[in-house]
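To start, the structure under review is shown below, and the notes come after it.
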2 protein chains.
Amino acid sequence: MRMSKGVEWALHTLLNLDMVDGGPVGSAQLAEAHGLSASYLNKQLQQLARAALVVSVPGPRGGFRLARPLESITLLDVVEAIEGDARLFHCTEIRCCGRIGELSPPPTGTCAVNAAMRRAEEAWHQALAAQNLAEIRAELDATPVVRRIVRSALR
Amino acid sequence: MRMSKGVEWALHTLLNLDMVDGGPVGSAQLAEAHGLSASYLNKQLQQLARAALVVSVPGPRGGFRLARPLESITLLDVVEAIEGDARLFHCTEIRCCGRIGELSPPPTGTCAVNAAMRRAEEAWHQALAAQNLAEIRAELDATPVVRRIVRSALR
DNA sequence: GGCTTACTACTCGGATACTGCTTGTCCGAGTTCAGGGGG
DNA sequence: CCCCCTGAACTCGGACAAGCAGTATCCGAGTAGTAAGCC
């Protein structure tokens with residue numbers, strides 16, 4: 001039960017894409033900025049493009065740029081974009097199998113275990129959706145100095 | 001990012017162990033109750049034993065029994081017992097790598113991305129810790145009928 | 001008859017294979033830009 | 001001098017391998033119960 005490291009890569013890359021304003025940045029430069037594998041980061045960026053968090057520009061001088069401001073991108077958006085489905089617990093309905101399943105009448109309603117786990121995940125989802133990337137940008141002091149460093153690293 | 005199905009197995013098995021009161025139940029019978037792999041369930045039960053949620057009794061007529069009442073076992077206890085560590089996001093500090101890492105001064109404090117993800121996980125942990133197995137037992141109507149079915153299935 | 005002792009059967013416990021997902025890599029499709037040729 | 005066309009280089013996009021955690025299985029260590037032998 002470990003979250004894909006693509007989520008971490010995507011979050012930092014989105015923050016970097018916000019520092020440079022305007023033109024698209026290639027996945028190779030974005031990868032070099034943090035010493036990542038360019039091809040694999042490209043894969044993650046494609047996922048973000050499908051989720052409409054970034055737009056991809058093909059051809060030379062192409063790359064990726066933010067599709068919308070960081071204020072409107074939540075942590076949940078990124079997690080769901082990369083992981084596909086932000087569900088942790090998958091009920092396999094074992095209550096219906098085996099001896100107990102045979103002896104018991106067909107169950108009604110959802111599994112109590114599943115419901116409990118789902119409630120906990122709901123709290124997680126809400127906490128993820130409550131934080132947007134602009135707040136994180138504010139937390140990691142995005143001073144003009146930092147902004148200029150990022151911009152020069154992505155040149 | 002999928003939780004091990006061992007968590008589901010463990011939760012149902014703990015609830016079953018509460019239905020039969022007293023003597024230990026072998027992993028083979030517990031597995032048959034839900035049509036699971038006995039050896040693999042045994043592995044999960046060993047994890048629960050290490051976490052002091054159940055006690056194992058060796059030898060013939062041995063097996064596992066609850067170490068303490070369901071009221072004092074939370075969902076978080078089970079998740080941590082099976083998964084080992086209930087952390088989803090693992091920060092690899094990529095902010096210190098690559099060009100940005102070289103150009104920037106050594107970072108101070110924890111990574112903002114990490115902190116944000118940690119906050120969300122904290123909400124999840126609290127929601128897990130807030131629910132104990134006795135509440136789940138109450139939810140899945142543990143009528144005397146059900147209780148008798150489980151007990152006969154574990155004979 | 002009662003006690004001791006050896007044996008057997010049954011259970012947990014950990015070491016050992018197998019599978020699917022995460023991670024990483026490669027090559028092709030498409031597009032922009034530049035340079036040369038023609039009008 | 002301006003426009004068009006062709007070529008090349010660069011980018012995304014998806015298809016193709018390698019590594020690792022989750023999944024499943026098997027066999028050995030240990031113990032309780034039992035039965036036989038002895039006092």
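Quick note on labels: first sequence line is chain A, next is B, and so on, each numbered from 1.
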Between A/N42 and A/S39, is any side-chain donor less than 3.5 angstrom from a side-chain acceptor?
no
Checking side-chain polar atoms at under 3.5 Å, does B/T92 have a donor or acceptor matched by the opposite partner on A/E8?
yes
d(B/H125 NE2, B/T74 OG1) to nearest 0.5 Å is 10.5 Å
CZ of A/R61 versus C1' of C/dT32: gap in Å, rounded?
10 Å
From CD of A/Q44 over to C1' of C/dT25, roughly how many Å is that when rounded to an integer?
14 Å
Would you find more than 12 non-hydrogen atoms of other residues, nucleotides or ligands less than 6.0 Å from B/R151 atom CZ?
yes
Fit a plane to each ring of A/W124 and B/W124, take the angle between them on a 0 to 90° scale, and name the class: parallel (under 30°), tilted (30 to 60°) or perpendicular (over 60°).
tilted
Leading and trailing nucleotides of DNA chain D with any atom under 4.0 Å from heavy atoms of chain B
D/dT23 to D/dA32
Take atom CG of A/L88 and atom P of C/dC21, then tell me their distance rounded to the nearest Å.
16 Å
Atom pair distance, as rounded to whole Å: CD1 in A/I82 and P in C/dT22
12 Å
Before giving the answer on salt bridge (Lys or Arg N to Asp or Glu O under 4.0 Å), spell out for B/D18 and B/R65 the whole-Å C-alpha distance, their side-chain angles and the decisive distance to 0.1 Å.
CA-CA 8 Å; B/D18 176 71; B/R65 56 183 169 77; over 6 Å; no
Contact class for B/K43 (heavy atom, under 4.0 Å): base, sugar-phosphate, or nothing?
base
Here the gap from B/R147 atom CZ to B/N16 atom CG, rounded to the nearest 0.5 Å, amounts to 11.0 Å
When rounded to whole Å, the CE to C1' distance for the pair B/M3 and C/dG20 reads 18 Å
State whether a side-chain donor-acceptor pair under 3.5 Å links A/N114 with A/H90.
no
Gap between atoms CD and P, on B/Q29 and C/dC10 respectively (whole Å)
12 Å
Both A/A38 and A/E83 contact DNA chain C. Taking the nearest nucleotide for each, which residue is further toward the 5' end?
A/E83
Would you give the length of the straight line joining atom CD1 of A/I94 to atom NE2 of B/H12, rounded to the nearest 0.5 angstrom?
4.5 Å
Quick one: is B/S27 getting a side-chain N or O under 4.0 Å of the C/dT11 phosphate, OP1 or OP2?
no
C/dC27 P sits how many Å from A/N42 CG, rounded?
15 Å
Just to be sure I understand the rule, does A/S39 reach a base, reach only the sugar-phosphate, or reach nothing, if contact means heavy atoms closer than 4.0 Å?
base
Between P of C/dT22 and CZ of B/R2, the distance in whole Å:
8 Å
Bend across the helix from C/dG1-D/dC39 to C/dG39-D/dC1, to 10°, with axes taken over 5 pairs at each end?
0°
